[in-house]
Amino acid sequence: MKDRPYVLLSCGMSIDGYVDSPGDERLLLSNDADFDRVDEVRATCDAILVGAGTVRTDNPRLLIRDEARRRARITRGVCPDPVKVTVTSSCDLDPAARFFALGDADKLVYCASPALPSARRKLGGVATVIDGGDPLDLNRVTADLADRGVGRLMVEGGGSMHTQFLTAGLADELQLVVAPFFVGDSTAPRFVSDGAFPWGPQRRADLTEVRQIGDVVLLRYALSDRFRD
């Protein structure tokens, strides 16, 4: 049994580190070429994880867009879309959200133990609801994903998920896209929140790639010795 999947964190942010606007209007941080790159990365993954807040706020589809990539996955004998995964303490999730309603891939919800009975009543018809511990434990989540055959996991946010994976030392790679503008409002959500991160002035992350993609820049960091170039 593998102890956990290879974990790749993916995020876009402004020059000053914000991932969204402070208001209701969604902030566009990428461009068409980078959206296609993200789609290509998704197609290489067994599962995509987002936090419950991202499901509520962004209502993501988390599907492979490019038909050639979908066909290639089918040829490999897997579902055209990766497994969808979310984690939640309260299970404040809408079963009609696009996360659940779209695509034929499995949907997994890791729920904190106290909310498990209500979560299974609410979401049991649209997803597999799994005990994530009390409090919810990402080590337990990733170990269970490995047991379910997930070898490569892409974490797409939000900030709470990125912070938790990074501070827990569960990330192998970070793909960070920087958009060419500032948000300049401290009430907007940031890429990560406060925490004890393994990488600091005495232990710098290994920058393995810098790539301009139109008007954005991709920074790729190796965060563990499991990094795959």
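Note: hydrogens, waters and symmetry copies are ignored here, and every other heavy atom, side chains too, is used. Keep in mind it's a predicted model, so treat the numbers as computed, not measured.
Enclosure of atom CZ in Arg65 is not indicated, since only 12 or fewer non-hydrogen atoms of other residues, nucleotides or ligands lie within 6.0 angstrom.
For residues 79-104, the set of pairs meeting the salt bridge (charged side-chain N to carboxylate O under 4.0 Å, His left out) definition, not counting sequence neighbours, comprises Arg70-Asp81. Applying the ring pair (Phe, Tyr, Trp, His ring centres under 6.0 Å) test to every pair with at least one member in residues 91-127, sequence neighbours left out, gives no pairs at all. Residue pairs meeting the salt bridge (charged side-chain N to carboxylate O under 4.0 Å, His left out) criterion with at least one member in residues 122-142, sequence neighbours excluded, are Asp131-Arg140. Each ring pair (Phe, Tyr, Trp, His ring centres under 6.0 Å) pair with one or both residues in residues 64-94, not counting sequence neighbours, would appear here, but there are none. Judged as a ring pair (Phe, Tyr, Trp, His ring centres under 6.0 Å), not a single pair has a partner in residues 31-82 (not counting sequence neighbours). Within the structure, ring pair (Phe, Tyr, Trp, His ring centres under 6.0 Å) contacts touching residues 139-182 (residues at least two apart or in different chains) are His162-Phe191. For residues 197-213, the salt bridge (charged side-chain N to carboxylate O under 4.0 Å, His left out) pairs, not counting sequence neighbours, are Glu209-Arg211, Glu209-Arg220.
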query = Could you walk me through whether Val178 and Ile15 pass the side-chain contact (heavy atoms from CB on, under 4.5 Å) check?
reply = CA-CA 6 Å; Val178 182; Ile15 293 174; 4.2 Å; yes
task = Show the numbers, then the answer: is there a side chain to side chain donor-acceptor pair (under 3.5 Å) between Glu40 and Thr44?
result = CA-CA 7 Å; Glu40 182 178 22; Thr44 69; over 6 Å; no
task = Determine, stepwise, if the pair Val217 / Val210 fulfils side-chain contact (heavy atoms from CB on, under 4.5 Å).
result = CA-CA 7 Å; Val217 175; Val210 178; 3.9 Å; yes
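When side chains are defined from C-beta on, Glu156 does not count as touching Thr54, because their heavy atoms never get closer than 4.5 Å. Using a 4.5 Å cut-off on side-chain heavy atoms (C-beta onward), Ser30 and Val38 make no contact. Side-chain atoms of Arg73 and Pro82, non-hydrogen and from C-beta on, do get closer than 4.5 Å to each other. Proximity of Asp36 to Arg69: side-chain heavy atoms (C-beta onward) are separated by under 4.5 Å at one or more points. You'll find the side chain of Val55 reaches within 4.5 Å of the side chain of Val50, heavy atoms only.
Residues satisfying the side-chain hydrogen bond (donor to acceptor under 3.5 Å, both in side chains) criterion with Asn59, sequence neighbours excluded, are absent altogether. Not counting sequence neighbours, the partners of Arg190 by the side-chain hydrogen bond (donor to acceptor under 3.5 Å, both in side chains) test are Tyr18. Residues passing the side-chain hydrogen bond (donor to acceptor under 3.5 Å, both in side chains) test with Asp106, sequence neighbours excluded: none. In this structure Ser118 satisfies the side-chain hydrogen bond (donor to acceptor under 3.5 Å, both in side chains) test with no other residue, sequence neighbours excluded. Residues satisfying the side-chain contact (heavy atoms from CB on, under 4.5 Å) test with Val177, not counting sequence neighbours, are Asp34, Arg37, Val216, Leu218.
Using a 4.5 Å cut-off between side-chain heavy atoms of Ile, Leu, Val, Met, Phe, Trp and Tyr, with links allowed through other members, Leu153 and Val141 fall into the same hydrophobic cluster.
A salt bridge links Arg4 with Asp172: at least one charged nitrogen is closer than 4.0 Å to a carboxylate oxygen.
Paired with Tyr6 under the rule side-chain hydrogen bond (donor to acceptor under 3.5 Å, both in side chains), one option of Arg228, Glu173, Arg226 passes, and it is Glu173.
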